[in-house]
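Here is the structure we will look at.
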There are 2 protein chains.
Amino acid sequence: MKNKKNDTTESLILEAAKSIFQTKGMDGARMQEIADKAGINKAMLHYYYRNKQLLFEAVFKNAFSLLAPQLNTILNDDSSIEEKIRNFSSNYITFITEHPYLPNFVIQELNKNPAFILKMKENKAFPNIEKFKKQVDFEVQNGSIKQIDATQLFINILSLNVFPFIAKPLIMGLIEVDDVAFKAIIEERKTAVANFIINSIKL
Amino acid sequence: MKNKKNDTTESLILEAAKSIFQTKGMDGARMQEIADKAGINKAMLHYYYRNKQLLFEAVFKNAFSLLAPQLNTILNDDSSIEEKIRNFSSNYITFITEHPYLPNFVIQELNKNPAFILKMKENKAFPNIEKFKKQVDFEVQNGSIKQIDATQLFINILSLNVFPFIAKPLIMGLIEVDDVAFKAIIEERKTAVANFIINSIKL
DNA sequence: TTACGGTTTAACCATATGGTTGACAAATGT
DNA sequence: ACATTTGTCAACCATATGGTTAAACCGTAA
């Protein structure tokens, strides 16, 4: 039942590396484990990706390139701020539910190596916040939303949507729920987060 | 100018281990590096803490025990919800600014080992959310705040306050600011976050 | 003074780990 | 059919790493 993309050796490696790196991080991952998961010899990893660092970067860029379009939904789309917030919250939570390790992986490795974000910026599709800022400022002037700093609003939107996935084990411990209940809470957030934000900024 | 606690060998080790583990994580940390930082022989680490795992757990518990009281501020204090939100946001952001690696460290290692939260729960001071829930429900009934689920509100408060620290490199990249500007944004959040939340729940 | 317990060190050990090599097979081109 | 490139593997290598050991050091109490 191999349904992922091709099963060329190269993509077998990438899939295996993705799964190992995203759960264990750069430091925790072992080349041997990746090779085993891919069902190939360890030498193959080096044949296709030279060394651990380059294999890791391939995985990281791939992960980041999945997140970027999500952000562009809220940054470069043409709808109103309110619509954007509703769309983003719903879409993002759905998306991450299907890729639960993504945000934690990206954020964690970015913390260990902050300069890495520069490499990501070289990418054409790197999210740009300018349009969003202008729009918020405009809607504030316009009187369609309350006075608020666009950057702070952006950080808030991100926080409310991303944090629960990153802090899942902590939150589950604090609010004392099991996996099923947590899932339900996340599901509810698809609309609850947007409502919460909009409540705060609408007049 | 050694001003940290004692400078017994044991606490020298703990301080060094804290600094290394919190920046590099369990996997990234090297016993030799900890020994060097503590200015002692590597064998000493094992003499005082048997092995890497136990040394790590000592550091982790210590870190967690610093965060718990912060949470109890919002959970078990007697003020109104609104006051709690203002106090917590301001206090927490101040506190983390002084211990920037703490939240990321705790959350990261909890992700790698979710069962760890159980060990933390054995601690008497482990935060309990019940009082907070009752209070929110009461204030909702009471008509002093809008209808909102207490658990979701709690997650929101946590998200808005904690996330910016965890995702600092990502956020800095996205909103294109340097360290100084980021610091200013964080400073502003000491009040802005509370305002944002309260705006959302007040009638 | 000496015996003793806790402390500290240098040297050592076993294993894990990222990476390499050389042989060999499977395609691919001519 | 033959040569050349590309892909794959088992075995190997150098080093890093967590952990151990045996001896030395040092204060102190008998």
Side-chain angles (χ1 to χ4, degrees), chain A residues 2 4-63 101 105 108-109 112-113 115-116 119, chain B residues 2 4-63 101 105 108-109 112-113 115-116 119:
Chain A
K2 301 245 173 190
K4 302 257 180 180
K5 302 184 176 181
N6 311 329
D7 41 359
T8 70
T9 302
E10 188 165 351
S11 54
L12 281 178
I13 292 176
L14 207 56
E15 281 304 311
K18 206 184 287 189
S19 135
I20 302 289
F21 275 131
Q22 288 188 5
T23 49
K24 311 207 167 181
M26 168 69 172
D27 293 331
R30 296 289 157 246
M31 295 297 266
Q32 186 60 59
E33 200 180 355
I34 296 174
D36 291 348
K37 185 143 209 165
I40 50 126
N41 190 285
K42 187 159 66 89
M44 288 281 87
L45 301 182
H46 296 86
Y47 180 74
Y48 283 98
Y49 293 91
R50 267 184 75 83
N51 59 40
K52 190 182 182 183
Q53 182 65 30
L54 287 179
L55 177 52
F56 171 80
E57 286 182 20
V59 170
F60 186 86
K61 278 177 193 162
N62 188 290
Y101 294 110
F105 171 66
Q108 188 50 31
E109 300 299 332
K112 219 167 287 170
N113 188 357
F116 225 58
K119 259 185 221 169
Chain B
K2 302 247 174 191
K4 301 256 180 181
K5 302 184 175 183
N6 311 329
D7 40 359
T8 70
T9 302
E10 189 166 350
S11 53
L12 280 179
I13 292 176
L14 208 54
E15 282 304 311
K18 206 182 287 188
S19 135
I20 302 290
F21 276 131
Q22 289 188 3
T23 49
K24 311 208 167 181
M26 168 70 172
D27 292 331
R30 295 290 158 247
M31 295 297 266
Q32 186 60 59
E33 199 180 355
I34 295 174
D36 291 347
K37 185 143 209 165
I40 49 124
N41 191 285
K42 186 160 66 90
M44 289 279 86
L45 300 181
H46 296 87
Y47 179 73
Y48 283 98
Y49 293 91
R50 269 183 72 85
N51 57 41
K52 191 183 182 183
Q53 183 64 31
L54 287 178
L55 176 53
F56 172 79
E57 287 181 20
V59 170
F60 187 87
K61 278 177 192 161
N62 189 289
Y101 294 110
F105 171 65
Q108 188 49 31
E109 299 300 332
K112 218 168 288 170
N113 188 357
F116 225 59
K119 258 184 219 169

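We name chains A, B, ... by the order of the sequence lines, and we start the count at 1 in each one.
- Under a 3.5 Å cut-off, the side chain of B/Q108 and the backbone N or O of A/Q108 do not form any donor-acceptor pair.
- For residues 31-46 of chain B, the pairs satisfying salt bridge (Lys or Arg N to Asp or Glu O under 4.0 Å) are B/K24-B/E33, with sequence neighbours left out.
- On the nucleic acid side, DNA chain D has its first and last nucleotide under 4.0 Å of a heavy atom of chain B at D/dT17 to D/dT21, going 5' to 3'.
- Atom CG in A/N41 sits about 16 Å away from atom C1' in C/dA26, given to the nearest Å.
- The nearest pair of heavy atoms linking B/I13 to B/I34 is O-CG2, 4.3 Å.
- Contact check of residues 43-56 of chain A against DNA chain C (heavy atom, cut-off under 4.0 Å) returns A/A43, A/H46, A/N51, A/K52.
- Looking at residues two or more places apart in sequence or on another chain, you find a ring-ring contact (aromatic ring centres under 6.0 Å, His included) between A/F105 and A/F56, A/F60.
- Between B/T9 and the phosphate of C/dT7, there is no side-chain N or O to OP1/OP2 separation shorter than 4.0 Å.
- Nearest heavy-atom pair, A/A17 versus A/L55, reported as atom, atom and distance to 0.1 Å: CB-CD1, 3.8 Å.
- Partners of B/Y101 by side-chain contact (heavy atoms from CB on, under 4.5 Å), not counting sequence neighbours, listed by chain and number: B/Q22, B/T23.
- Under the salt bridge (Lys or Arg N to Asp or Glu O under 4.0 Å) criterion, the residue pairs touching residues 51-61 of chain A are A/E57-A/K119, with sequence neighbours excluded.
- In this structure, the side-chain contact (heavy atoms from CB on, under 4.5 Å) partners of B/N51, at least two apart in sequence or on a different chain, are B/Q53, B/L54.
- Between B/N41 and B/A43, the closest heavy-atom pair is OD1-N, 2.8 Å.
- Among pairs with a residue in residues 29-52 of chain B, none fulfils ring pair (Phe, Tyr, Trp, His ring centres under 6.0 Å), at least two apart in sequence or across chains.
- Within residues 22-33 of chain A, no residue has any heavy atom closer than 4.0 Å to DNA chain D.
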